[in-house]
Amino acid sequence: MSGFIVSEIIIPVIKSVAVALFPLVMTVVMIWMERRVVALIQSRLGPNRVGFEGVLQPIADAIKLFFKEDIMHRGADRSLFNLSPVLTLFTSLLAFCFVPLGDSINVFGYTINLWVAESPVGLLLTLGISSISVFGVIFGGWSSNSKYPLLGGLRSVVQVLSYEIPIVLTVLSVVFFSHSISLVDIVASQKAEGMWYAFYLPVSFIVFWISAIAETNRAPFDLPEAESELVAGFHTEYSGMKFAYYYIAEYTHMVLASSLVVILFFGGWLPPFPNVEALSFLGYVPGFIWYLVKIMFFLYVFIWIRATFPRYRFDELIRLAWKWLVPLSLANVMAIALVRSLG
Amino acid sequence: MNQYWYFFIFFVLTFAFALGLILFVALVRYKRHDYGDKYLPYECGVDPVTPHAREQYSVRFYLLTLVFIVFEVESIFLFPWAVIYDRLMIFGFIEMAIFVVILVLGYVYAWKADALDFRRSFD
């Protein structure tokens with residue numbers, strides 16, 4: 001009986017806490033990294049006062065936001081205004097449920113899988129749950145009852161609608177190779193194949209990456225919060241901890257997008273070329289470390305792109321999605337199907 | 001045990017975290033002070049032109065959302081097809097090609113009808 005309690009209650013709870021903390025810890029790292037890297041690219045110093053080279057800056061920001069006065073103007077819709085940041089953060093964390101952070105490990109005789117749950121449709125569930133968090137953005141913008149947030153919220157709807165389709169269609173091209181929609185199986189099939197899918201599906205990877213940047217509302221597609229047009233977009237009226245919720249949710253989405261790119265196209269926790277004998281020593285590095293290195297790389301690319309590209313105009317953004325990425329990804333899917341059916 | 005039991009645990013924990021943290025902060029944060037025009041909607045320092053932001057205006061993207069639904073339903077069909085594709089092979093390809101051609105016809109129509117363009121009504 002006690003074994004049952006340990007394996008079905010205590011270990012899942014510990015695992016859940018660890019997996020939920022993972023994106024939050026990454027958020028803290030990313031806040032510091034983003035400001036320092038952007039400063040480096042723009043020949044500025046960036047935060048370097050709090051702690052060694054400013055590493056404690058996110059902690060200082062968090063403490064400030066904790067105690068900050070919470071402002072809600074008189075016309076705002078009270079309950080929706082308060083609940084939409086919670087919805088956004090909650091669903092963006094929940095999407096990590098099916099994301100494998102590493103291989104199975106042995107601790108005190110228990111075999112522990114480094115994912116909370118495995119579902120045969122884990123990929124679709126992850127995409128679906130993370131899409132729900134856009135409702136928090138829309139409700140937040142609408143309930144603010146102020147013009148800039150409303151516009152930001154509406155923009156966010158169109159953006160997510162438009163870029164959802166290239167994402168789903170490019171994800172589909174991975175399914176041809178993996179024969180499964182479970183994220184764990186997709187990584188396992190890359191091990192069996194001995195190759196990361198990015199080498200098989202370069203077009204899918206590029207389209208997915210562009211769409212992922214747009215889905216996470218990052219520059220150059222950060223139209224819902226374009227500060228030069230909409231002040232701060234959907235969170236103009238938010239302050240204090242509710243503002244921080246949107247902020248954390250945005251970074252959590254970045255971590256999720258990088259995780260999905262890594263799992264679908266770069267072999268998740270696998271070392272490079274897992275079946276090559278000469279490189280088998282790379283397998284001694286724990287899988288979680290490989291996963292972490294890979295997602296750190298993609299998080300860095302997020303920042304790099306933000307510092308490099310100017311912002312899109314809104315009609316250009318919609319045109320890019322509907323007139324380039326959608327036909328391209330659909331043609332890509334059909335081309336892969338044709339090639340596979342021929343041999 | 002069922003994987004969805006683990007999902008349930010994770011669901012409860014993340015929800016408790018998201019709701020609990022904001023309730024905790026509500027206890028410790030600086031209390032509200034009302035003065036002057038502080039609690040007016042933000043409009044770059046001037047008083048709001050209209051009392052409510054939710055005026056009547058044209059939501060430009062309703063056509064896009066219709067096309068979106070078509071594509072999303074299509075992708076639901078494509079997923080099971082892709083999973084068992086290696087068993088269907090050329091038969092599966094032809095079947096789905098017919099389906100995609102019909103979809104592309106609608107897509108071309110939407111393109112010609114300017115549904116995919118955002119700038120139409122401004123000129």
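Naming: A, B, ... by sequence-line order, numbering from 1 per chain. From a predicted model like this one, the values you see are computed outputs, not experimental measurements.
Contact of B/Ala110 with chain A is not made at all, since no heavy-atom distance falls under 4.5 Å. Residue A/Leu124 touches chain B through its side chain alone, counting heavy-atom pairs closer than 4.5 Å. No part of A/Leu151 comes within reach of chain B, as not one of its non-hydrogen atoms sits under 4.5 angstrom from that chain. Using a 4.5 Å cut-off between heavy atoms, A/Phe66 contacts chain B through both its backbone and its side chain. Of the atoms belonging to A/Lys68, it is backbone heavy atoms, and not side-chain ones, that fall under 4.5 Å from chain B. Both the backbone and the side chain of B/Phe7 have a heavy atom closer than 4.5 Å to some heavy atom of chain A.
With respect to chain B, the highest number of heavy-atom pairs below 4.5 Å among A/Ile129, A/Leu169, A/Leu154 belongs to A/Leu154. Interface summary for chain A: among B/Thr14, B/Leu88, B/Leu78, the most heavy-atom pairs under 4.5 angstrom belong to B/Thr14. Counting heavy-atom pairs closer than 4.5 Å to chain A, the top residue among B/Leu19, B/Asp86, B/Ile90 is B/Asp86. Among the candidates A/Leu161, A/Val175, A/Leu317, A/Val86, the residue making the largest number of heavy-atom pairs closer than 4.5 Å to chain B is A/Leu161. With chain B as partner, the option from A/Val17, A/Ile181, A/Val333 having the largest number of non-hydrogen pairs under 4.5 angstrom is A/Ile181. Taking A/Ser180, A/Ala337, A/Pro327, A/Pro149 one by one and counting their heavy-atom pairs under 4.5 Å with chain B, the maximum is reached by A/Ala337.
Put simply, CD1 on A/Ile165 and CD on B/Glu74 are 8.5 Å apart, with the number rounded to the nearest 0.5 Å.
Within the 4.5 Å cutoff, the side chain of A/His179 has no heavy atoms near those of the B/Ile84 side chain. B/Tyr85 places a side-chain heavy atom less than 4.5 Å from the side chain of A/Ser341. Taking the side chain as every heavy atom from C-beta outward, A/Arg340 and B/Phe93 never approach each other to under 4.5 Å. A heavy-atom distance below 4.5 Å is found between the side chains of B/Phe17 and A/Leu24. Here the side chains of A/Val171 and B/Phe79 are in contact, with some heavy-atom distance below 4.5 Å. Looking at heavy atoms from C-beta onward, B/Phe11 lies out of side-chain contact with A/Val116 at the 4.5 angstrom threshold.
A ring-centre distance under 6.0 Å is not found for B/Phe10 and A/Trp115.
Between the side chain of B/Gln3 and the backbone N or O of A/Glu118, at least one donor-acceptor pair lies under 3.5 Å. At distances below 3.5 Å, not a single donor-acceptor pair connects side-chain atoms of B/Tyr6 with backbone N or O atoms of A/Ser16.
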Let me check something: any side-chain donor-acceptor pairs from residues 98-107 of chain B under 3.5 Å, sequence neighbours excluded? List them with distances.
residue  : atom : partner  : partner atom : Å
B/Tyr107 : OH   : A/Trp322 : O            : 2.3

List the atom pairs, with distances to 0.1 Å, where a side-chain N or O of residues 92-99 of chain A and a protein N or O form a donor-acceptor pair under 3.5 Å, not counting sequence neighbours.
residue : atom : partner : partner atom : Å
A/Ser92 : OG   : A/Thr88 : O            : 3.1
A/Ser92 : OG   : A/Leu89 : O            : 2.9

